[in-house]
Amino acid sequence: MVRDRGCGEIRESDTGAGISLAGWVFRRRDHGGLIFVDLRDRSGLVQVVFSPEVSEEAHERAHDLRAEFVIHVSGEVRRRPEGTENPGLPTGMVELYVRTLTLLNESAPLPFPMEEAAEASEFLRLKYRYLDLRRPELQHNLITRHKAAKVIRDYFDEHGFIDIETPMLTKSTPEGARDYLVPSRVNPGQFYALPQSPQLFKQILMVAGLERYFQIVRCFRDEDLRADRQPEFTQVDLEMSFADREEIMALTEGMMQRLFRDVLGVDIEIPIPRLSYKESMERFGNDKPDLRFGLELKEMADLARGGSFKVFLDALESGGRVKAINGKGMAGLSRKELDVLTEEAKAFGAKGLAWIKVKNGFESPIAKFFPEGVLRQMAERLGTDEEDLMLFVADREMVVHDVLSRLRLEFGTRLDLIKPEFRFLWVVDFPLVEWDEEESRFQAMHHPFTSPADGDLEKLLALDLSSAGPSGAHRSLFTDVKAKAYDIVLNGHEIGGGSIRIHRRDVQKKMFELLGISEEDAKLKFGFLLDALEFGAPPHGGIALGLDRLLMLMVGASSIRDVIAFPKTQKAVCLMSGAPSAVEPKQLRELFIRTLDIGG
RNA sequence: GGGGUGGUAGUUCAGCUGGUUAGAACGCCGGCCUGUCACGCCGGAGGUCGCGGGUUCGAGCCCCGUCCACCCCGCCA
């Protein structure tokens, strides 16, 4: 069986040629005397014609063809008769007149129509993933993914990086996400963890003198799923020695530029703009702002003090904040719609939402608490026009930012402000640690191996950790310490993050102290890294990029499931293979594992 | 763990205030058709209304529970 080329590659220049094709029957139009079949393979579609004048036998047997039958055909390419060309197809000028037809395989009727697979339920699409993947759209996504991976490998290769594999069966670590565990048969009662990332190994590779490491690597996190989160996902992971923050950021920018140019033909301007964590929080309310539209958060504390609205004044009194955004052109919202908005704000933790319509002056239940001049200043600061809606949140800083950033995103979508473009951003100068209310201790904002900023290193080493108790009296001394960490953000999605690492044993020790990790615990969990730091660890740093998210954005998908060949459902189930599943008692016995009936 | 949306024919959906035999389109099966490209025309088959319980003379519709998919919060970098 010979296939001369792809279905989608046939052109007018092939007219007269004898050609063999193989593929799937996409659509069949049976006119009785003449049968048209749209034959599809990875390369595209071409119309093949079964005519009794060319082959009585082939025409006869073509009656029985059905959707997704696999066939091989050979015959002659002819230009389509005048007036029957299909300009909608790249192959639309020609058609293949079939002389011989070979049925390679039949297909059962499909569980969902191939053409409307995008509208089929996600359940069916995932259960019959091989059918979903036959669609050009998903094939395009996977092909784009392949191209991206190749460009990335070439880029890092050209920059002296070495692709090194790190273990999949590794050691469970306490920080960060929940681990997927793998029992060890030969070590009863003991478990490996699947890597959340190769973090420790790549640092050790730096100690080992490999200088530049990279890997496109699968990572695992046993946490709840989202549209942009799967239990297993892929990172572009890299680490380099003797590099500062600027070098790693520049290297990453170069990669992005090359990636978007070579794969999408899109020019990305570098250097990518930067925001400090603080500025990002102040202007957008989060650390991964979507810069494709405005509606920035504005400080209102000073103006709030110029009025007598108690909710605002109380919030400020108790150390909170008052900020606002401009709901562009939304003054037309009804009382009921505003109530819905308020409910949403409450769902995000706010006690309420205050609004002022800019409409024939100022329309609002709270307008009476403010002098006309103050209202005008508010409007001016928010850049309002007639028919705009000022929305205020007064609360603890965290709540104010959280609520307003979510409202901002919702308005961006609702008002259709989001332009179809790629807006990259670096967020830098993160705090080294943040206070975890629940556990009443500091948590590493990035991870525990992140180096403090140069100016803050001595500050940190000098800090008396005993003063950081739950009272929080000196907490800001600690949260003021900046980290040499950086996140790269694209269109409101965090697509990567990295840092310069701690390479000094004493600094790492202090960091563990700060995080409330005891000397013994640290030895137990990260001993091998700590040991390695004793033996001439070079300064080093790196970054990890989420390949799935990056691709999702590149191909314009709304979920990373659309750029992963075999993704899992929100309950972490593979509907196609049926994983996870129960195993034979024998397997469990070998592993010395007994399962508990919970709740039953 | 929590909030939301959905689940009715193979598929996508409609189904009124609880009331006769649960419908449409596509697909499927049979027949006709030589220029279609979502081909067309005629005919036919196809339903555990996700599952379990309850209320009622009567439940696709109301109530309780439960399962599945998706979106979100918590969680996760």
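In this text the structure is predicted, and so the values were computed from the model without any measurement. Chain letters run A, B, ... following the sequence lines, proteins first and then strands; every chain starts at 1.
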Protein-to-nucleotide contact annotation, 5' to 3' order, nucleotides 22-34 of chain B [B base; S sugar-phosphate only; - none; under 4.0 Å, heavy atom]: -------SS--BB

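For A:Arg283, the CZ atom sits in a packed shell: over 12 heavy atoms of surrounding residues, nucleotides or ligands are nearer than 6.0 Å.
Neither OP1 nor OP2 of B:G7 sits under 4.0 Å from any side-chain N or O of A:Ser121. A close approach under 4.0 Å does occur between a side-chain nitrogen or oxygen of A:Arg226 and OP1 or OP2 of B:C73. Contact annotation: A:Arg27 reaches the phosphate of B:C39 (side-chain N/O to OP1 or OP2, under 4.0 Å). The side chain of A:Arg29 contributes no N or O atom lying less than 4.0 Å from OP1 or OP2 of B:U36.
Applying a 4.0 Å cut-off to non-hydrogen atoms, the residues of residues 559-573 of chain A that approach RNA chain B are A:Arg561, A:Thr569, A:Gln570, A:Lys571, listed by residue number.
As a whole-Å value, the separation of A:Asn286 CG from B:C73 C1' is 16 Å.
At a cut-off of 3.5 angstrom, the base of B:C75 holds no donor-acceptor pair with the side chain of A:Arg221.
A distance of about 25 Å separates the C1' atoms of B:C37 and B:A24, rounded to the whole Å. Taking atom P in both B:G30 and B:U66, one finds a spacing of 47 Å when rounded to whole Å. As rounded to the nearest Å, B:C28 and B:G74 have P atoms that lie 47 Å from one another. Nucleotides B:C39 and B:G46 place their P atoms 27 Å apart, quoted to the nearest Å. With C1' as the reference atom, B:A9 and B:G15 are 14 Å apart, rounded to whole Å.
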May I have the step-by-step check of side-chain hydrogen bond (donor to acceptor under 3.5 Å, both in side chains) for A:Thr166 and A:Gln215, ending in yes or no? CA-CA 9 Å; A:Thr166 49; A:Gln215 191 180 189; 3.0 Å; yes

Applying ring-ring contact (aromatic ring centres under 6.0 Å, His included), run through A:His31 and A:Phe36 and close with a yes or a no. CA-CA 8 Å; A:His31 290 221; A:Phe36 301 97; 5.5 Å; yes

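Centre separation under 5.5 Å together with a plane angle under 30° holds for the ring of A:Phe36 and the six-membered base ring of B:U36, marking them as stacked.
Cation-pi geometry between A:Arg408 and A:Phe293 is met: under 6.0 angstrom from the ring centre, within 45 degrees of the axis.
Two residues, A:Leu124 and A:Pro81, neighbour RNA chain B, and the one matched to the more 5' nucleotide by heavy-atom proximity is A:Leu124.
Partner of A:Asp132 under the salt bridge (charged side-chain N to carboxylate O under 4.0 Å, His left out) criterion, chosen from A:Arg125, A:Lys127, A:Arg561: A:Arg125.
With sequence neighbours left out, A:Glu119 forms a side chain to side chain contact (heavy atoms under 4.5 Å, CB included) with A:Glu116.
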